[in-house]
Structures are given as C-alpha cells and as structure tokens.
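We use all heavy atoms of the structure for the numbers below, so side chains are in, but hydrogens, waters and symmetry mates are not. Numbers restart at 1 for each chain; the letters A, B, ... are given by sequence-line order, proteins then strands.
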Amino acid sequence: MAVDVKIPTVLRAQADGQASISVDGETVGLVFDQLITKFPGLRPNLIGDDGGMHKFVNVYVNDDDIRFLDKLDTKLEAGDTVTILPAVAGGAL
Amino acid sequence: MTRFNNILETIGNTPMVDISQLSPNPDVKMFAKLEGQNPGGSSKDRIALKMVELAERDGAIAPGDTILEPSSGNTGIGLALVAKLKGYNLRIILPENVSPERRQLLEIFGAEVTLSPAEEGSNGAIRMAEKISADEPSYRFLFQYGNPANPLAHYEGTGPEILRDCPEIDVFCAGLGTSGTLMGVGRYLKEHKPDVKIVAVEPPAGELVQGLRNLDDGFIPPIFSGDVLDGKTIARPRESIEGTRRLLNECGIFAGVSSGAAVYGANRYISRAMSEGTVVVLLPDGGWKYLSSGAWTDDLDTVVDRANRINYW
C-alpha cells in the first residue's frame, strides 16, 4: 500500500536529493520507519530525543497536520500524500 | 455608538456577515468576521494597540521611544497608526518580498522600514530584529510572537465579539501566523462554550523559505500552544487565491489572500468533519494591499507562480 511522501528542500540532501518518495506503510509512523531504514540521515530530522516527532517538523496527511489527528499513529490509505515541512514563522504578520 | 474621540477608538467591533453560499454543505452555515474593517485595515490593529497599552502600563515604553518590530506588514501598519497617535517612533523589519503596498503604507504612516532577505522569510526578519534589539537596547522591542498582549487582544476583544454576534458557533477557523488570533479567540470560546472546535489554516511557509539551513533553524511562536487547536490544515497559494476570488465573486467581499486561505480551510473542515452547524471564519484584512498581486485579474497559474515568490500572507 503505497503513499507519496513529499520531502522539503531542507531535508533532500539526506534523501538522495529526492523531492518525492513512494513508501509502503499503514500509518505515518510505519512510513517513517521505512524512510529511516532507506535514508538513516533523516532520523534525527524526523524523530526527537523522546522518540516522538521532532519539535520543528510538521507532517501533513493530505494537507491536515497529524499532530491534530493521531500523530504518528495516523492511518494512511493508498494514494495518500504525506507532506513533511519544517516549522518556520509564517502567516499574516 | 458611531462617534469617536480618535481613530484608535474605532479598532475592533468589526462586522460579521453570512457567507453560507460558500459552504459545501447546505446544513452548515458560514459567517465571516471582517477584520479588514479596522482603521489600519487588518486584525493587527487590535494587537498593536494592546501591546503598546500594556507596555505603557508596565512602564516599559513612553512617548518619544522608538518601537522595533519584525512584520510582514499588517502588524507594522497597525503599530504605525498607534505610534502616530501616541507619539512613538517606529522601525519595522520587513521581509523584502512582501507586496509593495505594505511598504508604501508603512512609509506614509511614517515608519522607518529596514528590509530583511527574502529567502529567509519571516524567520529572517525576526532574527534581524532580535539582533538589532540586542545591539541597541534603546529600541523598544514588542515581539508579537512572544508577547501575551497579542492573544490577550483577541481574548478580550475578538473572542467576545464573535460569541456575542454568533452564539450558535460550533467551529472557529482562522489563519495561523503568530497564532495570537487562534490562541486568544480559541481560549475565550472554549472557556465559554467548551464544545467549540478551533481550526488553524497555515501557508506552506516551510516550502517557500529557501534560506533554511536545517531544521534547528525552525521557529514556533512562544505564544503558541497546540492544546487550543482541534485541527490544522495547509492552504497553498492556488487554493488561497481561489478562496479570495470566491469571496469577491459570490459574496461581494474584497479580502486579502490569507482570507481566501481561511475560507478554503473552513470548507475542508466542513467537508471532513461536519454534518450540520455553524462556522465562523476570520478574514484578517481587506484586498487593497494585494491589488498588485493580480489575485483577481490575472490568470490563476500566473498569480500562483508569483505567490510562490512574494509573501501575500
């Protein structure tokens, strides 16, 4: 069951320069496990010291932030898009 | 009461308008709170006034001082209005890729504008302001991202206005920048109507900031608390501009690009999670400052391409 993972510019060096990677996994956590197996350099960027998500990374399934869904346990369906983005200041300031 | 002693007294009490024609579900009503009706043209007038008032109360600033703030425009314009009336000087650190109207407005109000690099986005403006403030302590740095007066303005003003005008509210949806609107309105509504859901809509800023070296350059506003939110959705430039066009074409509301994003985010939430009820969407500013973006006039692909380089939030 493949989903499409979008890698942000800032992390592409750790992912062979790829912007988009097809990965199998039933949840975001399982997809991350696959990604980290393939590209170990991504681990410190995705996972924090406490084993949860890195503080400055936001992950979206079909554009909804998984911190407000089921976090790493958020379920995925075939064809979903998982977007990884760094947390930066933005918005109408 | 429509007679005031000065322009600052006209801040707040913005109108709420039924925009249910934009709802994807006929059983879900939508209302828009038109923050562009504030005198400086955005919801940021509220926080500008509150930050200055509380700093004055605490003795941290006094007329004649120079206020320093990083802003992509709206907070700067609000502060420029407050500074003019209250006798402060103002220096704004502005990312160089904001719409030209914002810079023009800051300058006609008398603010000194210092540009920060486009590729560093708002993070870069914040860093530059922090450095200037550390090097030259005579500046009075209000720091909207970390100043409790920012959410407080919405807790005391915007939130009560929304519940007063729409007591049947089920969902509140607004754009996420400093998070002040969502934190202040969200806390007020949850205290007074605990079942209300708070939904944030954000631009994909992390895609657009090119100067980010690594994740540790990341930034989360100190006033932000995830506990207040029930959902958070990305609105990309295309969806944001489409929302802005729908507001104009279907509701006659001339609003900014982030307002279109808020409408898009509300619609997504309605489609995903609601069978009936009422949603209030906050529209932070009017369309005036974005005319040069071509948002209403140019081919959609052209505008989207431009929006990937220019900060219209």
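- Proximity to chain B (any heavy atom under 4.5 Å) is shown, for A:K55, by both the backbone and the side chain.
- Residues forming a side-chain contact (heavy atoms from CB on, under 4.5 Å) with B:P24 (at least two apart in sequence, or on another chain): B:N267, B:I270, B:S271.
- Contacts of A:F39 classified as ring-ring contact (aromatic ring centres under 6.0 Å, His included), with partners at least two apart in sequence or in another chain: none.
- A search for side-chain hydrogen bond (donor to acceptor under 3.5 Å, both in side chains) contacts involving B:K50 returns B:E156, not counting sequence neighbours.
- At most 12 non-hydrogen atoms from other residues, nucleotides or ligands lie less than 6.0 angstrom from CZ of A:R43.
- Summarising the local packing, CG of A:D50 is surrounded by more than 12 heavy atoms from other residues, nucleotides or ligands at distances under 6.0 Å.
- Contact annotation for residues 60-87 of chain A against chain B (heavy-atom separation below 4.5 Å, listed by residue number): A:Y60, A:N62, A:D63, A:D64, A:D65, A:F68, A:L69, A:T83, A:L85, A:P86, A:A87.
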